[in-house]
Amino acid sequence: MEATGTLAGRRALVTGGASGIGRACVERLAAAGAAVVVLDRDGDAAKEVAATVDGTAIAADLTDLDGIDSLDLDVDVLVNNAGLQHVAPLHEFPVDRFSLILRLMLEAPFRLVRGALPHMYGRGWGRIVNVSSIHGLRASAYKSAYVTAKHGLEGLSKVIALEGAPHGVTSNCVNPAYVRTPLVEGQIADQARAHGLSEDEVVEQVMLAPAAVKRLIEPEEVAEAVAYLCSPVAASITGSSLVMDGGWSAH
C-alpha cells in the first residue's frame with residue numbers, strides 16, 4: 001500500500017527513538033507517511049518500536065562518535081532527540097559525566113547532521129529538528145552539563161539553518177519544559193536528593209514552579225510540534241526555537 005501524508009516518500013531518522021519523546025516522534029512521523037528509522041542504544045527496544053510502524057531499527061551508542069560516521073545517514077528528516085541527565089552541584093559534578101553528556105547531546109548531533117546534509121542538499125529538501133529544552137534558553141541549578149549541551153545545540157541549530165536554507169533544508173529546535181518521560185521520572189529522585197525534598201515536593205516546587213501551566217507535558221505534544229516543523233506549512237520556519245514551556249519563560 002502506498003504511503004500517504006505530508007511525509008510520504010520521505011525517510012526519517014529519530015535518535016533515542018525507543019522511548020519517551022523519541023518514540024512519540026517515531027509514531028507521529030510514521031503517521032505522516034515517513035519511513036522511519038528508530039535509532040537507540042537499546043537495540044531490542046528499537047526493534048520493538050520499529051515493528052509497530054513498519055520501520056527499521058538501528059542499535060547504536062551515539063557516544064561513540066567515530067561509529068556515527070559509519071551509519072546510513074541518507075535521510076530526509078533527522079530528529080536529534082537522544083539525551084541523558086545528571087544532577088549534581090558544579091563543584092561535585094563528575095568530569096567524565098560532563099564530557100559524556102556533551103558528547104551525546106552536542107557532538108553526536110553535529111556528526112549526524114554532518115553526515116545527513118549532503119544527502120539533503122542533493123535532493124534540495126531536508127528537515128532537521130533538534131529536541132532541545134527550556135534549558136536551552138534558561139538555566140537551572142545542578143544541571144551544568146545538560147544546560148551547556150542544550151545551549152550549544154541551540155547555536156548549532158541556527159548555523160545549520162543559515163547554511164541549509166539555500167538547499168531547501170530547515171533546522172529548528174523544540175523546547176519543552178518537563179515532559180512525562182523515563183528521563184524526567186529518573187530526575188525526580190535525583191532532584192529530591194539534591195534539594196533535600198520529597199519526590200512530590202520536587203514535582204510541585206522545582207519542576208512545575210516556574211510554569212504557569214501546572215502539569216507535565218506529554219510526549220505526544222512534543223511529537224506534534226516536531227511533525228509541524230517537518231510539514232509544508234512550516235517551510236519558512238528555520239533557525240527558530242518552538243517553546244513549549246507552559247509559560248516558564250514568560251516571567
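Each residue takes its place number in the sequence, starting with 1. In this text, all values refer to a predicted model and were calculated from it rather than measured experimentally.
Taking 4.5 Å as the limit, some side-chain heavy atom of R103 sits within range of a side-chain heavy atom of L65. Residues L71 and I58 meet the side-chain proximity criterion, which asks for heavy atoms closer than 4.5 Å. Annotation: side chain of L112 is in contact with side chain of I68 (closest heavy-atom distance under 4.5 Å). You'll find the side chain of L197 reaches within 4.5 Å of the side chain of V206, heavy atoms only. L137 has its side chain out of reach of H151: every pair of non-hydrogen atoms, C-beta onward, lies at least 4.5 Å apart. Two residues are said to be in side-chain contact when any heavy atoms from C-beta on lie closer than 4.5 Å; V14 and V37 fail this criterion. In this structure, P176 and V174 have side chains that are in contact, with non-hydrogen atoms separated by less than 4.5 Å. In this structure, the side chains of V129 and N172 stay at 4.5 Å or more apart for every pair of heavy atoms.
Aromatic ring centres of F93 and H86: separated by under 6.0 Å. The ring of W125 has its center no closer than 6.0 angstrom to the ring center of H119.
A salt bridge does not link E220 to R28: none of the charged nitrogens lies less than 4.0 Å from a carboxylate oxygen. We find that R97 and E92 are not joined by a salt bridge, their nearest charged nitrogen and carboxylate oxygen being 4.0 Å or further apart. Ion pairing between E107 and R111 fails under the 4.0 Å rule for side-chain N and carboxylate O. A salt bridge is absent between R11 and D74: the closest approach of a Lys/Arg side-chain nitrogen to an acidic carboxylate oxygen does not fall below 4.0 angstrom.
Heavy atoms of other residues, nucleotides or ligands lying less than 6.0 angstrom from NZ of K158 number more than 12. Sparse packing is recorded around CZ of R41, with 12 or fewer heavy atoms of other residues, nucleotides or ligands lying under 6.0 Å away. Under a cut-off of 6.0 angstrom, the local environment of CZ in R114 is sparse, with at most 12 non-hydrogen atoms contributed by other residues, nucleotides or ligands. A 6.0 Å sphere centred on CG of D54 holds no more than 12 heavy atoms belonging to other residues, nucleotides or ligands.
Partners of S132 under the side-chain contact (heavy atoms from CB on, under 4.5 Å) rule, at least two apart in sequence or in another chain, are K150, L153, E154, C173, N175.
Distance alone, capped at 3.5 Å, is enough to place a donor-acceptor pair between the T52 side chain and the V49 backbone. Here the side chain of N81 pairs a donor or acceptor atom with the backbone of T15 at under 3.5 angstrom. T63 places no side-chain N or O within donor-acceptor distance of the main-chain N or O of L100, the cut-off being under 3.5 Å. Remark: the backbone N or O of L208 is paired with a side-chain donor or acceptor of K214 at under 3.5 angstrom. Side-chain N or O atoms of D76 include none that pairs as donor or acceptor with a backbone N or O of M120 at under 3.5 Å.
Using bins of under 30°, 30° to 60° and over 60° for the plane-to-plane angle, the ring pair Y121/H167 lands in the parallel bin.
In terms of hydrophobic clustering, with Ile, Leu, Val, Met, Phe, Trp and Tyr side chains grouped at heavy-atom distances under 4.5 Å, V202 and Y146 are assigned to different clusters. Linking Ile, Leu, Val, Met, Phe, Trp and Tyr whenever their side-chain heavy atoms come within less than 4.5 Å leaves L104 and I21 in two separate clusters.
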